[in-house]
Amino acid sequence: MRYSKFLAPTLRDDPADAEVISHKLLLRAGFIRRVTSGVYDYLPMGLRVLRKIENIIREEMNRTGAQELLLPMVQPAELWQQSGRWDKYGSELLRFKDRHAHESCLGPTHEEVICDLVKRELRSYKQLPMNLYQIQSKFRDEVRPRFGLMRGREFVMKDAYSFHADEDSLQEEYQTMFKTYQRIFTRLGLKFRPVEADTGSIGGSQSHEFHVLAESGEDLIAYCTHCDYAANVEKAVAKRNITAFVDAPLQHIDTPNVTAVEDVAKFLGVAKEQLMKTLVYQVVGGQYDGQVVAACLRGDDELQAIKLVRALGADEVMLAADTDLEAVGAIKGFVGPQNLGCKILLDESLDDAMGMVVGSNMLNQHDTGFSVLRDLPEAVFVDLRAVRLNDGCKHCDDGHIEHARGIEVGQVFALGQQYTKPLDVLFQDANGKRAIATMGCYGIGVSRLIAAVIEQCNDELGIIWPLALAPFQVSIITMGKSETSLKASETIYQGLLDAGVEVLWDERKERPGVKFKDAELMGIPYHIVVGDRGLDADAIEIRQRAGNKQEVPMADVVKSMLAILSQAN
RNA sequence: CGGGGCGUAGCGCAGCCUGGUAGCGCAUCUGGUUUGGGACCAGAGGGUCAGGUGUUCGAAUCACCUCGCCCCGACCA
């Protein structure tokens, strides 16, 4: 490609509305342009990178035997009603009516559509297992799109769906996909980490997310310093160090206007962990919809709200209003687990707690000497607490918990029969009986990967593409405008093109500095500098974007470049 | 959804407080000089000042409304 005709409009200044480095560089280097909130044009440069990523994913998916297909973006409401997600998915699902007033939506994901297809074509267990995937645009009407390609509303995703005759087969494919994802992200040159994940609105029984480690990541990951354990904080578990408290008789204590955990601890002269705080929530969705529930934690722990939501099978929980508190016999600031007129869940760390301080549900009073086993025999224990830095690892004895920021670029789910059941994906098993298929799904955020790679691969000059992803492998920078250097450049350009190299020839009538800056900004891995000076000395310079340079005779440029490229691959 | 900020040429910004015919840098076009790290000189093109309503002799500027964009938060008695 000759640069003078190529649509790659670079910007000298950072656009004012870009915050993270990948967003700034994608705009400045002329890879993308914003059309509207969370929606972007991919310019030729951006598309080239997108295609490279797609192809790596495609190669790795194909080698596992998965089959590529393409599903529609416009989907009928009926399918979503059948799975129950028409109501559940909320406003991220962009809904509209066609000219016949038929309700439709833009696909944010494709479980419904793929199940609809498979149920019509699947007859026998002999067809299973089967893994179908596509690489396609999705639309999710995000509350807050941000950071360019990192969280867009329209984005490119690889989504795969596997169907199985039984759970064992699903587990096998889950493992295959897990390993395939590791291969893909490794090939993309990323520092990443697979982590245990919440199954979220997709549902299912088991899930891992793949995170690219980066400061700008929107997710927080907890990981063990010693073993392989890593999990999204939404799901992470850990051992907490608990001082054993001495049992004591239950006793009312006046605590006038002392409400906050910190203040109560200080007032009574005890550690915060000796307090048991009771948080009251209003439940939305699920079997406790509209009810009030209480969650108890140690005073120094924080609730991980997602865990409470999962424990209740709810859609979300909201802090209860004062009137809700009164309705269950609680008083703001003095809430405790005793005589509460609602369901109570206790964090696991409280399973044998004694000698605790709790609210008494009476104004200006707390109780000391509370024993969970003695005073709350009906207690139900679940994991509710957010893990903290330096908590002990639950999976090994030597490690402790650290935090890292991550960009979620992939997720694998063992869905089970969550969708196949309501959508009637049936087949005839080996015994001739009708059975419900078991399902897994596996996503990769293809366009988000562009941003994730840049977050990890950049310097003060711009992007540094790994060779496998670069929009062009080589940029020929022609200095000056003498006939000799133009001719020499063209010879090299043709030579490389003939050898199948992706090469951008910067033959613009610009000064050298401009060309260097642009090539560096765009992150092209190798630059061949052709100028009169080098030609006179018969020493053409080959530079690496973020590395060494060498000089080779004009006659050897193409040969040397090819050697460098094949060695780098 | 709540809070904060911002909409003036393709990009980055000034002008607004104190109303009086819209400016700077970069980019673009023409001519010339220059050519191994974002050149220089001369000239030119490009704006319903986000949109609407109002106040006023007169509005980018003041008031109200709408739209768009960015950031932060959406949970701890």
Side-chain angles (χ1 to χ4, degrees), chain A residues 7 9-20 23-24 27-28 30 33-39 90-91 143-148 151 218 233-234 255 257-264 272 275-282 294-309 316-322 324-325 330-336 347 358-361 363-364 366 384-386 461-462 477-482 485-486 506 508-521 527-537 539-541 543 549 551:
Chain A
L7 184 62
T10 56
L11 303 173
R12 194 174 284 211
D13 302 310
D14 281 338
D17 53 7
E19 186 79 0
V20 299
H23 191 194
K24 287 180 186 172
L27 289 166
R28 277 192 58 203
R33 287 292 183 261
R34 194 185 68 88
V35 178
T36 183
S37 177
V39 177
S91 36
V143 198
R144 182 141 98 89
R146 58 183 137 181
F147 302 155
R151 178 168 296 281
E218 295 186 278
V233 288
E234 292 178 349
T255 51
N257 296 317
V258 185
T259 60
V261 166
E262 193 135 347
D263 298 338
V264 175
K272 273 161 62 175
L275 265 64
M276 183 168 138
K277 62 182 176 188
T278 305
L279 312 174
V280 181
Y281 285 87
Q282 173 94 43
C296 296
L297 294 143
R298 291 196 180 254
D300 57 337
D301 275 336
E302 303 295 341
L303 175 74
Q304 180 65 57
I306 306 273
K307 291 182 177 177
L308 180 61
V309 168
E316 59 174 325
V317 292
M318 299 182 300
L319 263 190
D322 292 358
D324 296 323
L325 287 180
I331 295 171
K332 187 177 166 74
F334 304 94
V335 184
D347 182 65
V358 297
S360 65
N361 293 328
L363 190 61
N364 294 332
H366 280 78
L384 292 175
R385 62 186 289 270
L461 297 172
I477 297 175
T478 301
M479 317 288 278
K481 55 180 177 187
S482 78
S485 54
L486 275 173
D506 194 346
R508 292 176 300 171
K509 291 179 176 38
E510 288 287 352
R511 294 168 63 85
V514 174
K515 299 188 179 188
F516 285 133
K517 289 286 185 218
D518 277 340
E520 284 153 354
L521 177 62
H527 307 164
I528 297 174
V529 184
V530 183
D532 293 335
R533 206 176 74 186
L535 286 169
D536 289 346
I540 304 294
E541 202 175 303
R543 299 185 180 188
K549 47 181 155 181
E551 291 180 337

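Computed from heavy atoms alone, side chains included, the values below leave out hydrogens, waters and symmetry copies. Just so we're on the same page: letters track the sequence lines, and every chain starts at 1. Not measured: the values here are computed from a predicted model.
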[atom1] gap between [N] and [M], integer Å:
N	M	atom1	answer
B/rA27	B/rC17	P	33 Å
B/rU61	B/rG2	C1'	31 Å
B/rA9	B/rG4	C1'	29 Å
B/rG23	B/rU8	C1'	10 Å
B/rC70	B/rG31	C1'	42 Å
B/rU53	B/rA59	P	13 Å
B/rG45	B/rC24	P	13 Å
B/rG47	B/rC40	P	26 Å

Name the pairing partner of [N], where a pair is Watson-Crick or G-U wobble with both distances under 3.5 Å, or state none.
N	answer
B/rC64	B/rG52
B/rG43	B/rC29
B/rG73	B/rC1
B/rC57	B/rG20
B/rA9	none

Integer-rounded Å distance: [N] [atom2] and [X] [atom1]:
X	N	atom1	atom2	result
A/E520	B/rG36	CD	C1'	12 Å
A/D14	B/rG38	CG	C1'	14 Å
A/D518	B/rC26	CG	P	17 Å
A/K509	B/rG31	NZ	P	12 Å
A/L11	B/rG25	CG	C1'	15 Å
A/E551	B/rG36	CD	P	15 Å
A/D13	B/rC13	CG	P	8 Å
A/R511	B/rC40	CZ	P	9 Å

(message) Determine whether A/L535 and A/I540 satisfy the following criterion, side-chain contact (heavy atoms from CB on, under 4.5 Å), listing intermediate values before the conclusion.
(response) CA-CA 7 Å; A/L535 286 169; A/I540 304 294; 3.7 Å; yes
(message) Protein within reach of the bases, or only the backbone? For nucleotides 66-77 of chain B, mark each nucleotide 5' to 3' as B, S or -, using heavy atoms under 4.0 Å.
(response) ---SSBB-BBBB
[X] vs [Y] side-chain heavy atoms within contact, under 4.5 Å:
X	Y	answer
A/K515	A/H527	no
A/L461	A/K517	yes
A/V335	A/N361	yes

(request) Examine distances only and state if a side-chain atom of A/S482 and a backbone atom of A/S485 form a donor-acceptor pair shorter than 3.5 Å. (result)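 The answer is yes, because a donor-acceptor pair under 3.5 Å joins these two groups.
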(message) Using a 6.0 Å cut-off, check whether atom CG of A/D536 has over 12 heavy atoms from anything other than its own residue.
(response)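 Yes, enclosed.
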(message) Could you work out, with side chain to side chain contact (heavy atoms under 4.5 Å, CB included) as the rule, every residue matching A/E19, not counting sequence neighbours?
(response)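 In terms of side chain to side chain contact (heavy atoms under 4.5 Å, CB included), with neighbours along the sequence ignored, A/E19 is linked to A/F147.
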(message) Check the phosphate of B/rG12 against A/R12, side-chain N and O only, distance under 4.0 Å to OP1 or OP2. Yes or no?
(response)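 Answer no for this pair, as no side-chain N or O of A/R12 is under 4.0 Å from OP1 or OP2.
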(message) Regarding B/rG38, can its base be found pairing with the side chain of A/E510 as donor and acceptor, where the two atoms are less than 3.5 Å apart?
(response)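 Absent.
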(message) Under 4.0 Å, counting only non-hydrogen atoms across every strand here, what does A/G359 touch: a base, just sugar-phosphate, or nothing?
(response)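 Result for A/G359 = nothing.
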Please list every donor-acceptor pair under 3.5 Å in which a side-chain atom of residues 294-306 of chain A meets a protein atom from a residue at least two apart or in another chain.
from, atom 1, to, atom 2, distance (Å)
A/R298, NE, A/S349, O, 3.4
A/R298, NH1, A/E273, O, 3.2
A/R298, NH2, A/S349, O, 3.0
A/D300, OD1, A/R240, NH1, 3.1
A/D300, OD2, A/R240, NH2, 3.1
A/D300, OD2, A/R388, NH2, 3.3
A/D301, OD1, A/R240, NH1, 3.3
A/D301, OD1, A/R385, NE, 3.2
A/D301, OD1, A/R385, NH2, 3.2
A/D301, OD2, A/R240, NH1, 2.9
A/D301, OD2, A/R385, NE, 3.0

(request) Going by the side-chain contact (heavy atoms from CB on, under 4.5 Å) test, name the single residue among A/V514, A/L27, A/L521 that passes it with A/T10. (result)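 Result for side-chain contact (heavy atoms from CB on, under 4.5 Å) with A/T10: A/L521.
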(request) Take A/P15 and A/K549, find for each the nucleotide of RNA chain B with the closest heavy atom, and name the residue whose nucleotide sits nearer the 5' end. (result)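 That would be A/P15.
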